[in-house]
Each structure stands twice: as structure tokens, then as C-alpha cells.
Amino acid sequence: MPASENVMSNRKEIVVPDIGDFDKVPVIEVLVAQGDKVEKEDSLLTLESDKATMDLPSPASGQLVELTVSEGDEVGQGDVIGIIEVSGQAGGNGDSAPAGAAAEKPRESASPEKSQADEGRSGQDTSPVSAPDADHDHDFDLLVLGAGPAGYSAAFRASDLGMKVALVERHETLGGVCLNVGCIPSKALLHVAGVINSASALSDAGIDFGALEIDIDKLRKHKNQVVDRLTAGLAGMAKKRGVEVIHGRGQFSGRNEMTIEHAGKSRHVSFNQCIVAAGSRTVNIPGLPENDSRIMDSTGALELEDIPERLLVIGGGIIGLEMACVYSTLGSEVTVVEMMDRLIPGADADLVRPLQQHLKKSGIRIYTGTKVVEVEAGRDDLAAQLEGGDAPERARFDRVLVSVGRRPNGDRINAQAAGIEVDDKGFVKVDGQMRTNHAHIFAIGDIVGQPMLAHKGSYEGKVAAEVAAGHRRAADARVIPSVAYTDPEVAWVGVTEEQCRADGIEYELGKFPWAASGRALGLGRSEGFTKLIFDRKSDRLIGAGIVGVNAGDLISELALAIEMGSVAADLALTIHPHPTLSESVMMAAEVHEGTITDLYLPKS
Ligand code: FAD
């Protein structure tokens with residue numbers, strides 16, 4: 001249902017088009033304000049009939065100079081609801097949306113209350129602003145620094161919204177840590193490890209594939225091919241979109257200027273607006289030999305140079321444990337040392353327990369509450385001195401993987417030249433619209449804070465791009481799911497039980513053990529469980545955790561349920577296919593509701 005328009009020089013009246021069988025329908029939400037800049041087809045109003053909710057899209061790109069309706073007004077076909085000053089060429093019917101386009105298209109913001117709440121967070125006005133220095137003749141409308149998942153998402157979205165975009169990246173390939181040396185290569189290897197483990201577990205069912213043979217060169221090639229395919233895909237998409245990729249190390253040289261160094265040459269580019277997406281780097285610890293190739297970070301471990309006989313993993317967080325799973329399956333004798341008293345401290349302890357048991361069963365040694373004090377490089381191996389827990393004082397290894405966290409790159413972009421505030425850890429401070437202390441410079445992804453996850457970065461990238469393009473957007477997601485792609489996987493979203501207890505949140509649980517799931521039993525993996533956390537007063541889902549195979553895929557339903565404000569009955573009464581692991585979500589809700597029939601629970 002595109003709004004039609006009457007042309008007045010380069011101003012157009014925005015007229016309500018044919019709305020079907022209805023004379024008048026109420027305006028239930030006004031999504032823009034007078035003075036806003038809008039793109040063609042941006043939703044202006046939401047109208048509601050007794051049959052459907054419809055968004056009224058803008059007939060053209062430009063600035064709303066007048067808006068004559070408010071929430072609660074009734075409008076009908078032919079009513080003028082405002083005037084738009086069309087940007088670019090004046091008037092012309094070619095600018096109007098095709099008939100029927102965008103009618104009833106889903107709204108971009110999940111809930112109006114939520115957006116408003118978050119928009120107020122930084123005390124900044126979230127209504128669109130024109131880019132500072134927009135009158136200056138800058139090289140680009142938008143410069144994005146860093147082509148990881150946060151940066152490329154921002155650059156592509158901004159380009160799709162009509163901006164002239166540059167994407168600056170110091171490496172030859174796009175995709176950042178995630179595609180090149182993070183999420184993607186690690187998951188390619190974890191998939192291989194998972195298949196090996198599943199195949200060998202079948203010996204209990206009388207199926208034996210014989211001794212495992214690994215061609216490490218071929219495996220490395222396979223992993224590299226997956227990475228190459230994705231990074232080449234990104235380069236292709238940048239080209240198709242007309243995003244100019246500039247290779248080199250970028251540093252601010254002014255509030256609207258960046259200097260890019262590449263192969264001994266410097267290039268200066270200017271921009272109206274900028275999005276900083278320069279990511280993070282691995283943290284090192286003292287007491288380790290320097291320049292010894294046997295000491296690796298996650299990037300080195302993913303290079304898969306060889307399969308060491310004895311591997312020490314320092315750090316029992318997600319990345320360390322994922323790599324421990326890979327190397328252990330490939331044949332290394334793996335020892336994990338974690339300083340905290342447990343693995344994956346962000347997740348509830350009960351969720352991590354089945355993982356820890358499974359890892360131990362598969363031969364991985366785990367020492368929590370233990371510190372690696374020093375590693376001494378010998379000619380043949382590395383001697384580690386351990387302290388605390390029940391670890392031996394000294395142990396010898398062929399390789400050491402240091403996986404103790406990542407730190408943001410805020411200290412490496414010459415932020416002071418642009419006057420951007422960076423905290424002492426290297427994080428760039430942003431508000432709810434991803435703006436730094438200078439409204440024309442945004443920051444997104446790992447460089448702005450935890451959780452350092454690709455999906456958080458790409459979400460923030462789209463928010464920043466849309467705000468930069470003049471849209472009313474804010475980062476108002478309620479939750480960000482976390483996943484350890486270990487074997488078994490551990491996934492959680494929203495609040496944890498431990499957080500509830502610490503913050504005094506009154507909650508109730510629904511927990512379904514996979515030992516009662518026919519599907520989990522069929523897979524030979526019944527060690528998992530699904531746990532739902534409901535707010536005691538409202539009965540709304542506020543958190544969830546799953547441990548078990550495919551937990552990372554299963555958690556999305558629960559992220560959606562939290563975003564949609566679902567109560568326990570919504571999950572319990574949604575018919576889930578049988579037999580699946582996803583049923584465990586419904587059944588955990590049934591446990592909470594007291595309606596479960598797949599378990600016998602004595603009446604309390
Ligand atoms: P990055 O991906 O770090 O990208 C930043 C880019 O900026 C880089 O390409 C860098 O070269 C470039 N850059 C930096 N400074 C400059 C400069 N001055 N000039 C030019 N270019 C510059 N997350 C998940 O969600 N799921 C996972 O399964 C997962 N697995 C991971 C596994 C490993 C082994 C690792 C290390 C990380 C993993 N992560 C995972 C985390 C994820 O990779 C990051 O959260 C994500 O890549 C962050 O995206 P980003 O765009 O903010 O930064």
C-alpha cells in the first residue's frame with residue numbers, strides 16, 4: 001500500500017492510497033516526525049483495520065516538511081497526511097513505490113516501548129540528523145574502518161541505503177577475525193571433529209569404521225577453502241554494491257579524515273560520517289617464551305600446522321575449549337588449565353557440568369583454579385609450571401595454546417585525532433545508537449564491548465548504518481545469545497540463574513532432561529538438558545540455557561521467545577515436531593506449567 005503523492009515543485013503531498021474495503025482506519029503509530037529524513041518506502045505510519053496492520057511507506061526519499069496526523073486519528077483514501085521535500089530530482093511519478101509494495105511489511109523495531117526506552121538511554125535525541133559537515137565536499141558519505149562482521153554489515157547496509165561508502169581493511173581479505181581466523185574456520189574443524197566422534201560412538205551400536213586416518217594437509221585445505229569461499233563472496237558483494245574497499249591500516253588524522261597506510265604509501269580520505277569497527281586482538285600473558293612458534297594463539301592453532309602429541313590449553317573459556325575439542329579428537333593429549341574455579345564462567349555452572357564430564361570422559365585433562373606460572377622452552381618440548389588446584393607442579397608439552405581473552409583495538413586507531421573517547425581498556429564508548437561522543441562517528445562490534453560475538457557486531461553494524469543514513473533506529477535487542485560449539489554444545493540467552501540470584505530477581509524454572517528425549521537417546525547423546533527461566537510475577541521467559549548436541553541452533557527459538565515477551569504457556573502450547581531436540585523447549589515449559597506427560601513428576 002504505497003502512499004501516493006501530488007507534486008508541488010520538489011515538494012509532494014503524501015496521500016493515503018486505496019486501503020481496500022475501509023472508509024477510514026485508525027493510525028495506531030506514527031513512526032516519523034516532522035523534519036525527519038526518510039528513504040523511499042520507509043514506513044511513516046502504521047494503520048490498523050480489523051483485518052490487518054498496515055504500514056504506510058514513504059512515496060519518495062527526502063525530508064518530511066509537514067506531518068498532519070497523530071496517533072488515534074482516522075484516515076481514508078485520498079487524505080493528505082503530510083508533505084515531503086524530495087531529495088535529488090524534483091517530483092516525478094517514477095519515484096513512487098510500485099502498487100502493493102511494502103504493504104503489511106514487518107516492522108523493523110520489535111516493540112515501540114522498547115525502542116523508546118533505549119533511545120533515551122544516552123540522553124541523545126535519536127531523531128535523524130543531517131551528517132555533520134554534510135556541506136563539505138568529502139570523499140565519502142561514510143567510511144567504515146574494519147571489515148569484520150560488524151564493519152562489512154554496516155558498509156553493505158549503508159550502501160544499500162544509498163550512501164557512498166568506503167570500507168578500510170588492513171588485511172587482503174574481508175571478513176575480519178570471524179571469517180578468517182575465528183568463527184568459520186573453528187566451526188569447520190569442529191564439524192569434522194563432531195563427525196569423527198559420532199562415527200566412533202557408533203561402535204556401541206555395532207558399527208565400526210576401522211582406525212582413524214587423518215591427512216592433516218587435506219584437512220587444512222578443506223578449512224581454508226571454506227574460509228576462501230566466504231571471504232571471496234564478501235569481496236564480490238562489496239563490488240556489486242559499489243562499496244569501495246581500501247586496503248591498508250587506517251588511522252584518524254582529523255575529525256573527518258583518515259590516513260591509510262599500505263605498502264609504504266599513504267592515502268588521505270575524508271568522510272561525512274565514520275563507523276569504527278576495528279575489532280579486537282588476543283591477550284598475551286607474562287611468563288611465556290617469546291618468539292617460539294610452539295606457543296600459539298587461536299589464530300596459530302587454527303593454522304593446523306601439525307597435531308601435537310601433548311597440547312596445553314591455557315584458558316577454559318569458549319575459544320580454548322573449542323580448540324581443545326578439535327585437537328583432542330584429532331589425536332592430541334590435551335590439558336586445559338583455567339585460573340577461575342570453573343570453565344565458561346559466563347554460563348550457569350549446571351549447564352557447564354555435562355560438558356566438563358564429557359570432555360573428561362573423552363580424555364581431556366581439566367585443571368580449574370589453576371595458574372600457569374611459567375613456561376620454559378626446551379629443545380624438545382615446553383615445560384609448564386602450574387600452581388593451584390590438583391594440577392601437577394610441572395608438566396611437559398609439545399605446543400601451548402594461549403586463549404585467555406581478547407582486548408579491543410581502540411588504542412590503535414589514533415582516536416585522539418578525531419577526539420573520540422576510548423576507555424583505558426581500549427573500548428570505544430557509544431550510546432544506544434552506536435554513536436561515539438562525536439555524533440558523526442559511530443563504533444560497533446568487539447571494539448565497543450562485551451559480548452565479543454560476531455552476531456552482536458553485525459546487528460550493531462546495521463543499527464549504526466541506518467542511523468547514519470538518517471533512520472530512527474537504536475540498538476534495542478533485549479538479549480544476545482552465546483554459544484560454545486564444544487562437544488556437547490552449551491548455549492544460553494538472557495539472564496542466568498546465577499544472575500537472578502545475585503540481582504534478587506524472583507524466578508521459576510522449567511527444566512527438561514534429555515535422558516527423557518527419544519531423539520537424544522536415538523543420537524546416543526542423552527547427557528543434555530534444556531532449562532527455562534521465567535520471571536515469577538509475569539511468567540515471562542527471561543533466560544534459557546541448553547547443553548547438548550545442537551544447543552547452538554536450539555537457542556534461537558528462546559531468543560525469539562524473549563524478544564516477543566513470551567510466557568511459559570506460549571512455549572508449552574506451541575506444537576513442536578516429534579521427535580526432535582527442539583521438543584525439549586516445549587517440554588521444559590510443560591514442566592514449569594505442570595502439564596508434562598513425558599516425565600513423571602511427583603506432585604509437590
Ligand atoms: P573483527 O572481526 O576483529 O574485525 C575487525 C577488522 O578490522 C579486522 O579485519 C582487522 O584487520 C580490521 N582492522 C583493525 N584495525 C584496523 C586498522 N587500523 N585499519 C584497517 N583495518 C583494521 N563469535 C561468534 O559470534 N561465534 C563464534 O563461533 C565465534 N568463534 C570465534 C572463534 C575464535 C577462534 C575467535 C578468535 C573468535 C570467535 N568469535 C566468535 C568472535 C568473533 O570472531 C568476533 O566477535 C567478531 O569477529 C568481531 O567482529 P568485529 O567486526 O567487531 O571485529
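Worth saying up front: this structure is predicted, and the values here are computed from it rather than measured. Counting starts at 1 for both ligands and their atoms, following the listed order.
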(request) Show which atoms of ligand 1 fall inside a sub-4.0 Å distance from at least one heavy-atom site of Tyr485. (result) 28 (O)
(message) Under 4.0 Å, counting heavy atoms only: does Leu179 come that close to any atom of ligand 1?
(response) no
(request) Among all protein heavy atoms, pick the one closest to atom 33 (C) of ligand 1 and tell me residue, atom and distance. (result) Gly182 CA, 3.3 Å
(request) Run through Val313, Ile285, Leu312 and flag the one making a side-chain contact (heavy atoms from CB on, under 4.5 Å) with Val402. (result) Ile285
(message) Applying a heavy-atom cut-off of 4.0 Å, say which part of Thr299 lies close to ligand 1: side chain, backbone, both or neither.
(response) neither
(message) Heavy atoms only: which of Pro149, Gly457, Cys183 lies closest to atom 46 (C) of ligand 1?
(response) Pro149
(message) Less than 4.0 angstrom from a charged side-chain N to a carboxylate O is my criterion; do Arg157 and Asp160 meet it?
(response) no
(message) Between Glu498 and Arg342, does any NZ, NE, NH1 or NH2 come within less than 4.0 Å of an OD or OE carboxylate oxygen?
(response) yes
(message) If the contact criterion is a heavy-atom separation under 4.0 Å, does Arg249 count as touching ligand 1?
(response) yes
(request) Among all protein heavy atoms, pick out the one at the shortest distance from atom 47 (O) of ligand 1; state its residue, atom name and that distance to 0.1 Å. (result) Cys178 N, 3.2 Å
(request) Run the numbers for me: atoms of ligand 1, each under 4.0 Å from some heavy atom of Gly146, listed by number. (result) 6 (C), 7 (O), 12 (C)
(request) Inspect the contact between Arg294 and Asp398 and indicate whether a charged nitrogen and a carboxylate oxygen are less than 4.0 angstrom apart. (result) no
(request) Run the salt-bridge test on Arg267 and Glu244 with the 4.0 Å N-O cut-off and return the result as yes or no. (result) yes
(request) Starting from atom 12 (C) of ligand 1, locate the nearest protein heavy atom and write down its residue, its atom name and how far away it is, to 0.1 Å. (result) Glu169 OE1, 3.2 Å
(request) Would you check whether Val177 has a nitrogen or oxygen atom less than 3.5 angstrom from a nitrogen or oxygen atom of ligand 1? (result) yes
(message) I'd like the name of whichever of His247, Met452, Arg170 reaches closest to atom 41 (C) of ligand 1 through any heavy atom.
(response) Met452
(message) Would Asp446 count as being in polar contact with ligand 1, using the rule that some N or O on each side must be under 3.5 angstrom apart?
(response) yes
(message) Considering non-hydrogen atoms of the protein only, which is the closest contact for atom 37 (C) of ligand 1, and what is the distance?
(response) Ile319 CD1, 3.7 Å
(request) Could you go through the salt bridge (Lys or Arg N to Asp or Glu O under 4.0 Å) check for Glu333 and Arg365 one step at a time? (result) CA-CA 8 Å; Glu333 191 184 291; Arg365 289 197 193 101; 3.3 Å; yes
(message) Looking at non-hydrogen atoms alone, which of Ala277, Ser280, Gly248 comes nearest to atom 5 (C) of ligand 1?
(response) Ala277
(message) Can you tell me which portion of Arg406 lies within the under-4.0 Å heavy-atom range of ligand 1? Options are side chain, backbone, both, or neither.
(response) side chain
(request) Test Arg281 against Asp411 for salt bridge (Lys or Arg N to Asp or Glu O under 4.0 Å), laying out the working first. (result) CA-CA 11 Å; Arg281 59 185 186 272; Asp411 55 343; 2.9 Å; yes
(request) Indicate whether the side chain of Asn409 and that of Ser280 have a donor and an acceptor atom separated by less than 3.5 Å. (result) no
(message) With heavy-atom distances below 4.0 Å as the criterion, list the atoms of ligand 1 near Gly176.
(response) 2 (O), 4 (O), 8 (C), 9 (O)
(message) Do Thr231 and Thr173 pair up side chain to side chain, a donor and an acceptor below 3.5 Å, judged on atom types alone?
(response) no
(message) Evaluate Leu453 for polar contact with ligand 1, using N/O atom pairs at a separation under 3.5 Å.
(response) yes
(message) Looking only at distances, can you tell me whether any N or O atom of Ala454, backbone or side chain, sits closer than 3.5 Å to an N or O atom of ligand 1?
(response) yes
(request) Considering the heavy atoms of Gly250, write down every atom of ligand 1 situated less than 4.0 Å from one of them. (result) 17 (C), 18 (N), 19 (N), 20 (C)
(request) Please answer whether the main-chain N or O of Thr259 pairs with a side-chain N or O of Gln251 as donor and acceptor at a distance below 3.5 Å. (result) no
(message) For atom 15 (N) of ligand 1, what's the nearest protein heavy-atom neighbour? Residue, atom name and distance, please.
(response) Ala278 CB, 3.5 Å
(request) For Ser332 and Ser328, indicate whether the former's side chain and the latter's backbone hold a donor-acceptor pair under 3.5 Å. (result) no
(message) Give me the residue, atom name and distance of the protein heavy atom closest to atom 51 (O) of ligand 1.
(response) Ala150 N, 3.0 Å
(message) Donor-acceptor pair, distance only, cut-off 3.5 Å: does the side chain of His455 make one with the backbone of Pro481?
(response) yes
(message) Under 4.0 Å from a heavy atom of His171: which atoms of ligand 1 are those, numbered in the order shown and with their elements?
(response) 11 (O)
(request) May I ask you to decide whether Glu527 forms a salt bridge with Arg525, counting only side-chain N to carboxylate O separations under 4.0 Å? (result) yes
(request) For Asn197 and Thr329, test the side chains for any donor-to-acceptor distance below 3.5 angstrom and give the result as yes or no. (result) yes
(message) Within ligand 1, which atoms have a heavy atom of Ala147 less than 4.0 Å away?
(response) 6 (C), 7 (O)
(message) Could you check whether Ser266 and Glu261, counting side-chain N and O atoms only, form a donor-acceptor pair closer than 3.5 Å?
(response) yes
(request) Nearest heavy atom to atom 4 (O) of ligand 1 wins, so pick from Pro185, Pro408, Ser186, Gly148. (result) Gly148
(request) Among His438, Gln273, His138, find the one that has a side-chain contact (heavy atoms from CB on, under 4.5 Å) with Asn256. (result) His138
(message) Among all the protein's non-hydrogen atoms, which is closest to atom 53 (O) of ligand 1, and how far away is it?
(response) Gly279 CA, 3.3 Å
(request) Please identify which atoms of ligand 1 are closer than 4.0 Å to at least one heavy atom of His455. (result) 25 (O)
(request) Provide the number and element of each atom of ligand 1 under 4.0 Å from a heavy atom of Ser298. (result) 34 (C), 36 (C)
(message) Looking only at distances, can you tell me whether any N or O atom of Lys187, backbone or side chain, sits closer than 3.5 Å to an N or O atom of ligand 1?
(response) yes
